[in-house]
Amino acid sequence: MRWLVGWSSIAASFGTAGRVSGANGHGGYGGYGANGHGGQGGHGANGQGGRHANAQPGQPGQPGYAPAGAPLHGGIADAAHPGDPGADADRTVQPVGAQLLWGDPDPLWAVGDWRPDEIRTLTADPADPFTRLAVLGCCGATDAELRRALYAARGGALRHLTQWSGSYTAVVQAGRRITVVGDLAGARPVFYTPWASGTAYATAALPLADLIEAQLDIGHLAALLACPDSPEALGDGTPYAGVRRIPPGHALILREGSREITGYEPVASLAVAAPEADAERAMEGVREALVDAVRARLTAPRHAPDTPPPYDPGPVPGMGPADRRAARGAPAPGVGADLSGGSASATLALLAAGLPGAPGTLGSPAGARLLAVTFNDLATPQGREAELERARAIAADPRLHHVVVAAAEEALPYADLDGPLTDEPGPSLVFAARERRRLAAGSADHFTGHGARQVLDAHPARMADLLMDRRRRHLLRPVAALARSASASGAGGESLLVPLTVYSAARRLSRTTYRAGMEAAAARLREGGVTERSSGPVDASLAALTWSRPGPAAGWLTGEALAEVSIRLVAAAGRPPLSLRPGEARARSVLARHAADHRVFEQAVEVRSQRLHAPFLDNQVVRAARALPESLRVQPGARAEILRSVLSSAGVRELPSGWGATAHTPNETATRLGLRAALPDLLDLFASPLLADAGLIEARVVRQALLDAADGRPVPLDGLAELVSMELWLHRLLARRGTCWTGTSTARRRAVPEGVPVHRPALS
């Protein structure tokens with residue numbers, strides 16, 4: 001896992017420049033004096049801060065001097081305030097295995113296996129070393145563009161830091177003001193927590209939880225299971241008490257430890273509807289953003305695995321070089337892409353293969369083929385034949401080298417539940433082994449189509465936005481498509497009532513205020529009406545036409561857990577949202593939830609030396625998609641038409657038949673087969689579950705649901721995946737013995753040191 005961490009405090013020095021000598025002497029440069037003068041720009045605990053104008057350290061009477069042989073002191077350690085005993089500690093807090101990007105007064109570290117080209121730092125002027133910028137990740141900006149954005153950010157214009165292609169995190173220091181900018185989707189979040197008379201921030205929540213020894217936030221875990229798509233229930237919390245998250249599209253500004261969270265996107269007027277954008281120009285913007293996002297990855301330096309794989313014994317019957325390399329668990333050098341047969345992954349693969357340059361392996365001549373990977377599930381071959389045929393037809397392009405990864409029972413869902421600890425829980429933990437097998441056959445830089453549905457498709461609640469804008473005629477095609485789907489599923493008589501039912505639900509939502517919608521959702525949780533049976537697209541669309549709805553796992557939560565989440569929704573009803581238009585608000589929340597799940601997915605399936613790229617979650621692609629008119633998006637097949645236009649503009653005009661067909665739903669057969677194969681392990685996992693200790697579930701109820709799912713009874717399988725994933729995550733979190741920090745007063749400071757708090761039922 002790669003992350004960056006830093007902090008800002010009233011105390012200006014944290015010992016990042018090295019410790020100094022002298023128990024009762026003067027603090028040195030970058031140190032924190034215990035009983036003397038503070039370091040450069042800082043304050044001592046019982047002395048004066050500052051730095052003498054022409055003094056040199058190490059001279060008698062000057063900062064940094066101490067008698068020879070005096071014990072070493074320095075670093076604020078984990079002191080909460082100058083009077084804390086930790087302020088006199090002999091050790092300095094630092095992340096384990098960190099790379100210091102800049103030191104005091106507000107240090108910043110990069111932790112993890114960052115590539116050299118993924119870390120870029122610059123200063124505005126050599127004479128002003130405390131006005132500087134750090135960009136971590138894949139960023140397509142030039143040094144001149146970074147410097148111009150630094151000048152703009154110094155004056156308070158933050159949006160310039162988010163307009164480059166790629167996926168990255170930007171940190172700006174201007175004197176004692178630190179600005180950390182998050183992304184629009186939420187795939188690169190920023191977390192913060194009060195610490196050492198100031199604020200510590202990071203791009204991962206677990207390191208901050210270790211720093212403050214945070215306990216679990218059981219209420220947040222309950223909201224994550226009850227209403228995962230409702231940011232109103234989740235708030236700005238994390239699974240760790242005391243660690244907060246800034247919302248997508250916002251920045252964290254620290255001034256000597258004081259916090260401010262501000263948005264950098266313009267806010268639309270609530271008085272009148274915005275004029276509808278031109279469809280052709282909007283689709284042109286999506287094309288340019290996607291092409292720039294792909295080009296930013298292709299123009300970055302190429303990488304190979306850090307260490308050579310074990311010796312290849314040579315040809316193996318039935319295995320090619322790619323198969324042998326995947327069996328060793330090492331990605332191929334160069335650039336590759338998923339090719340599942342869907343429109344999103346195929347668009348990225350064709351764009352990457354068609355752009356000028358050398359998209360293939362290291363050392364290849366210009367025009368080398370791009371590695372395209374398709375997964376073939378041999379355990380459940382029925383149902384995906386059309387997609388596999390489309391993948392083979394697209395892979396016939398001479399610019400693509402096609403690799404098919406075939407697997408049977410060993411790659412079913414719920415197989416090999418041992419995996420790494422992720423920053424937060426997510427439903428992808430139960431599918432990690434399956435996805436890791438596919439990605440191991442990919443490249444060092446691998447494109448995925450994750451996020452295309454959430455970014456380009458219109459959420460069903462956007463039909464209410466059209467009614468608010470009096471654009472009723474644009475509802476004809478989507479309502480007719482839903483009626484046809486109901487008729488195709490065998491409900492011929494009910495299909496005649498679909499248009500009226502959908503229109504009534506959209507009209508009711510358009511006339512429901514945000515406050516009324518939140519209060520109705522809270523009442524539904526209190527009354528226990530959380531069980532939904534979506535038998536088709538019509539039921540799913542009707543269930544989505546609301547301000548907030550329960551998640552698939554809510555039906556297994558205890559009444560007390562649901563009541564606590566309902567209190568959160570009632571409290572959120574009094575706070576105005578970012579958008580009072582239900583369709584826009586629901587689309588943003590669904591995108592944020594998917595981006596958070598994608599981040600967990602990246603950590604769970606991580607293959608050493610491999611980077612997963614999801615261009616659809618880039619800032620510029622999200623902005624371009626939001627500029628698409630709602631009348632274009634709320635139409636059947638809108639995403640396929642947009643991507644077809646993107647490929648056509650890039651010169652790809654011949655696509656296989658069936659292009660843009662609705663992507664297959666999660667393979668229910670494979671999921672039930674995996675549940676049946678892993679049933680003994682799952683029953684053991686829920687024999688004495690940690691979720692039951694926390695009071696969120698009843699163990700016998702979940703065990704019965706697992707038995708029912710394995711027997712083929714109608715059970716929300718995605719809800720079971722969320723429960724199993726959270727239980728696995730809790731077990732991995734409590735089983736860890738390491739920590740993210742060194743130099744603390746506690747030898748092994750880590751999150752949740754006392755385990756999951758045991759729930760005590762309330763007296764009735």
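- R623 and T162 share a side-chain donor-acceptor pair at under 3.5 Å.
- Defined by atom type and a distance below 3.5 Å, a donor-acceptor pair is missing between the side-chain atoms of R154 and T131.
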As a quick check of understanding, evaluate ring-ring contact (aromatic ring centres under 6.0 Å, His included) for F601 and H450, giving each step before the final call.
CA-CA 10 Å; F601 169 82; H450 290 188; 4.9 Å; yes

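- Ionic pairing of D397 and R399 is present here: one or more N-O contacts between side-chain nitrogen and carboxylate oxygen are shorter than 4.0 angstrom.
- There is no side-chain donor-acceptor pair under 3.5 Å between T203 and T169.
- Checked against the 6.0 Å centroid criterion, the rings of W7 and Y201 do not qualify as a close aromatic pair.
- The pair E284-R287 counts as a salt bridge, with a side-chain nitrogen and a carboxylate oxygen less than 4.0 angstrom apart.
- Ion pairing between a basic and an acidic side chain is recognised when a charged N comes within 4.0 Å of a carboxylate O; D183 and R188 show no such pairing.
- No hydrogens or angles considered: nothing links the side chains of S631 and R471 as a donor-acceptor pair under 3.5 Å.
- Below 30°, between 30° and 60°, or above 60°: for H613 and F447 the angle between ring planes is between 30° and 60°, a tilted geometry.
- The pair E424-R599 meets the salt-bridge criterion, since a charged nitrogen lies less than 4.0 angstrom from a carboxylate oxygen.
- Using modelled atom types, one finds a donor on one side chain and an acceptor on the other under 3.5 Å when comparing D106 with S8.
- We find that R245 and D236 are not joined by a salt bridge, their nearest charged nitrogen and carboxylate oxygen being 4.0 Å or further apart.
- At a threshold of 4.0 Å, the pair R297-D292 does not count as salt-bridged, since none of the basic side-chain nitrogens sits closer than that to a carboxylate oxygen.
- Looking only at atom types and distance, the side chain of S579 has a donor-acceptor partner in the side chain of E584 under 3.5 Å away.
- With L4 as the partner, the side-chain contact (heavy atoms from CB on, under 4.5 Å) test is satisfied by one option alone out of V111, V190, V171: V171.
- The pair E265-R159 meets the salt-bridge criterion, with a side-chain N (NZ, NE, NH1 or NH2) lying under 4.0 Å from an Asp/Glu carboxylate O.
- Looking at E602 and R2, no side-chain N of the basic residue comes within less than 4.0 Å of a carboxylate O on the acidic one, giving no salt bridge.
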